[in-house]
Amino acid sequence: MIRRIKGTNDIIEDSYVWEWVEDKLRSVSKKFGFSEIRTPIFEATELFKRGVGTDTDIVQKEMYTFEDKGGRSITLRPEGTAPVMRAFVEHSLDSRGLPQKLFYIGPMFRYEKPQAGRLRQFHQYGAELIGSSRPEADVEIIVLAVEALKALGLKEFKLKINSTGCEKCRPKYKEALKEYYKPLLPKLCDDCQIRYDRNILRLLDCKKDAQYAKSAPIILDYLCDECKEHFNRVKELLDTLGVDYEVDPTIVRGLDYYTRTVFEITSTSLGAQDALAGGGRYDHLIEELGGRTTPSVGFAMGMERVMIALEREKKLPDKPSPQVYVVAVEDEQRPRALSIAFELSKEFIVETDVMGRKMKSQFKNASKLGAHYVIIVGEEEMKSEIYTLKNMFDGSQVKLSLSEIKRRLKEEKCDSNLQWH
RNA sequence: GUGGCUGUAGCUCAAUUGGUAGAGCGUCGGACUGUGGAUCCGAAUGUUGCGGGUUCAAGCCCCGCCAGCCACCCCA
């Protein structure tokens, strides 16, 4: 048997949950004025090296990179921001006016060891607000992320924010950190020894050496006036909007492109892989990709994790079931049953038997599928063209013509809780 | 990439000290020849994750691989 690749999933029984989640996310995004962008699933490897940063874990060990037949180095996208920015530059979207507000939903690929909530092919929803350096933009993005989770019905999550400063103040902070950790260096874990030189900020969120991080210098004390002002405005606006958050000076984020605001939304109902969404401001990514300086903010949300959280919080939608199931009493009525089913399927969700089942089994099948109504087509109905409509929820039944049945089903559709639209 | 746990029917799990694989659920059918969700009866389905080894004999022991889970790493 050929099996699926490690760390990938077939979405079968749950596909209606995916549809539901995607519908909600699209709808919230549009309400915030964002429109969907769909970029290719693979890109030139160079895009991620430059966009995400060569020092990041993603680029160093997690990319699915291969050479195509033309000898080009191709990479399956590990994240969504760099491709969106590439498209922004490539199509000169700034000439259409700023800001550009874009969202995406789709698969991402990272070569990691799988566990619950961490897959090699996973799916992200994300949004980018391109072209504004103002704190209002940060807040709009943060609020969108929070509202998206709320729209799905999630409650058990926490928003944490921080500022990582800019190219002016961050070097000073890094220096202060180096100073602080220098005497501690021999006591740090192996990973932190390497991080000390490569990316000192990462020492802060190391779980093994968390004891030292507590009394380490805090970036917020090193922010330049502009960054400090920006961060304060973000907090004020969040307060004004009544958004709950917590300032966490240890979140630094794994991608190199972030400047100033960074944030994370973690679920309190998940295990180790508890980050539902993460994002921040990236003021220099676009110029890194050859565009003109265009300050921007964005975030990405992990759809699998959101769905695990929905399950934990018991917020999954009900599976949609057919509105009507057309039953043929005898073989003679099968063609009629089929044509009624096709006719009704122009307006309703219809099922009918194609397995040659006896009437009894057709009924069993109708209940198993959760059909609200059954239309019985027997000899009598065939002649009179007045069919029996049975309500499977309360067992009642009436005799109606096809057009009366349609009218009845239409009324039912309005107060049906089987649909989520 | 590191460490630990696990792998038996579609699903959840049994199987004495190694002795020739079973139950529930589900599926399908029947009891019920124009009426489902209850009940009863019956049927189908396994290279015991894969490969090797030890043994008269392996689901069980040993080794390797694969996959999943948990934690680390990191993140969504």
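Every heavy atom of this structure was used, including side-chain atoms; hydrogens, water molecules and symmetry mates were not. Sequence lines set the chain letters: A, B, ... in the order given, protein chains first and strands last, and positions in each chain run from 1.
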Visitor: When rounded to the nearest Å, what value does the distance between C1' atoms of B/rU20 and B/rG42 take?
Guide: 27 Å

Visitor: From B/rG68, B/rC73, B/rC75, pick the nucleotide closest to the side chain of A/R110?
Guide: B/rC75

Visitor: Distance between the P atoms of B/rC70 and B/rC63, in whole angstroms?
Guide: 25 Å

Visitor: Mind checking A/G279 for me? I need base, sugar-phosphate or nothing, with any heavy atom below 4.0 Å counting as a touch.
Guide: nothing

Visitor: From the options B/rA76, B/rG37, B/rG1, select the nucleotide whose nearest atom is closest to the side chain of A/S367.
Guide: B/rG37

Visitor: Would you measure the distance from the P atom in B/rG37 across to the matching atom in B/rG30 and give it in whole Å?
Guide: 13 Å

Visitor: Just checking, any donor-acceptor pair under 3.5 angstrom between side chains of A/E128 and A/S296?
Guide: no

Visitor: Could you encode protein contacts along nucleotides 26-35 of chain B as a string, one character per nucleotide from 5' to 3', using B for base contact, S for sugar-phosphate-only contact and - for no contact, with a heavy-atom cut-off of under 4.0 Å?
Guide: -SSSS-B-BB

Visitor: Should A/L223 and A/L220 count as side-chain neighbours, where that means a heavy-atom distance under 4.5 Å?
Guide: yes

Visitor: Do A/I161 and A/D138 have side chains that get closer than 4.5 Å, going by heavy atoms?
Guide: no

Visitor: Give a yes/no answer on whether the side chain of A/K61 brings an N or O atom under 4.0 Å of OP1 or OP2 in B/rG1.
Guide: no

Visitor: When you compare B/rG19 with B/rC13, how far apart are their P atoms, in angstrom units rounded to a whole number?
Guide: 23 Å

Visitor: Can you confirm whether the side chains of A/S29 and A/E36 place a donor and an acceptor under 3.5 Å from each other?
Guide: no

Visitor: With both distances kept under 3.5 Å, what pairs with B/rG1, Watson-Crick or G-U wobble?
Guide: B/rC72

Visitor: Give none if B/rC61 has no partner; otherwise give the nucleotide forming a Watson-Crick or G-U wobble pair with it, both distances under 3.5 Å.
Guide: B/rG53

Visitor: Using the C1' atom in both, what is the distance from B/rG46 to B/rU12, to the nearest Å?
Guide: 16 Å

Visitor: Does a side-chain N or O from A/Q273 land closer than 4.0 Å to OP1 or OP2 of B/rA76, or not?
Guide: no

Visitor: Centre of A/Y222's six-membered ring, under 6.0 Å away, within 45 degrees of the axis: is that where NZ or CZ of A/R170 sits?
Guide: no

Visitor: Expressed as a whole number of angstroms, how long is the span from A/Q115:CD to B/rA67:C1'?
Guide: 15 Å

Visitor: Indicate, with a heavy-atom threshold strictly under 4.0 Å, whether A/G126 touches base, sugar-phosphate, or nothing.
Guide: nothing

Visitor: Report which part of the nucleic acid A/R3 touches: base, sugar-phosphate, or nothing (heavy-atom distance under 4.0 Å, all strands).
Guide: sugar-phosphate

Visitor: Once you apply a heavy-atom cut-off of 4.0 Å, does A/E62 come out as touching a base, just sugar-phosphate, or nothing?
Guide: sugar-phosphate

Visitor: Between B/rC60 and B/rU54, how far apart are the P atoms? Round to whole Å, please.
Guide: 15 Å

Visitor: If you take atom types as modelled and just measure distance, does the side chain of A/R118 reach the base of B/rC69 with a donor-acceptor pair under 3.5 Å?
Guide: no

Visitor: Does A/K155 come within less than 4.0 Å of A/E313, counting only side-chain N to carboxylate O?
Guide: no

Visitor: Within a strict 4.5 Å, meaning less than it, do heavy atoms of the A/E288 and A/Y257 side chains meet?
Guide: no

Visitor: Looking at A/Y196, I'd like to know if the NZ or CZ of A/K178 sits under 6.0 Å from its six-membered ring centre while staying within 45 degrees of the ring's axis.
Guide: yes

Visitor: Flag the pair A/E140 and A/K101 as a salt bridge only when some basic side-chain nitrogen lies within less than 4.0 angstrom of an acidic carboxylate oxygen.
Guide: yes

Visitor: Please classify the nucleic acid contact of A/A366 as base, sugar-phosphate, or nothing, using heavy-atom distances under 4.0 Å.
Guide: nothing

Visitor: Need one value for A/L276: base, sugar-phosphate or nothing, where a base atom within 4.0 Å counts as base even if backbone is also close, heavy atoms only.
Guide: sugar-phosphate

Visitor: Regarding A/D274, tell me which of base, sugar-phosphate or nothing describes its non-hydrogen contacts under 4.0 Å with the strands shown.
Guide: base

Visitor: Sort out the partner of B/rA43 for me: Watson-Crick or G-U wobble, both distances under 3.5 Å, none otherwise.
Guide: B/rU27

Visitor: Taking only the C1' atom of each, what is the distance from B/rA58 to B/rU16 in whole angstrom?
Guide: 16 Å

Visitor: Between B/rU17 and B/rG59, how far apart are the C1' atoms? Round to whole Å, please.
Guide: 16 Å

Visitor: Partner of B/rG7 by Watson-Crick or G-U wobble geometry, both contacts under 3.5 Å, or none?
Guide: B/rC66

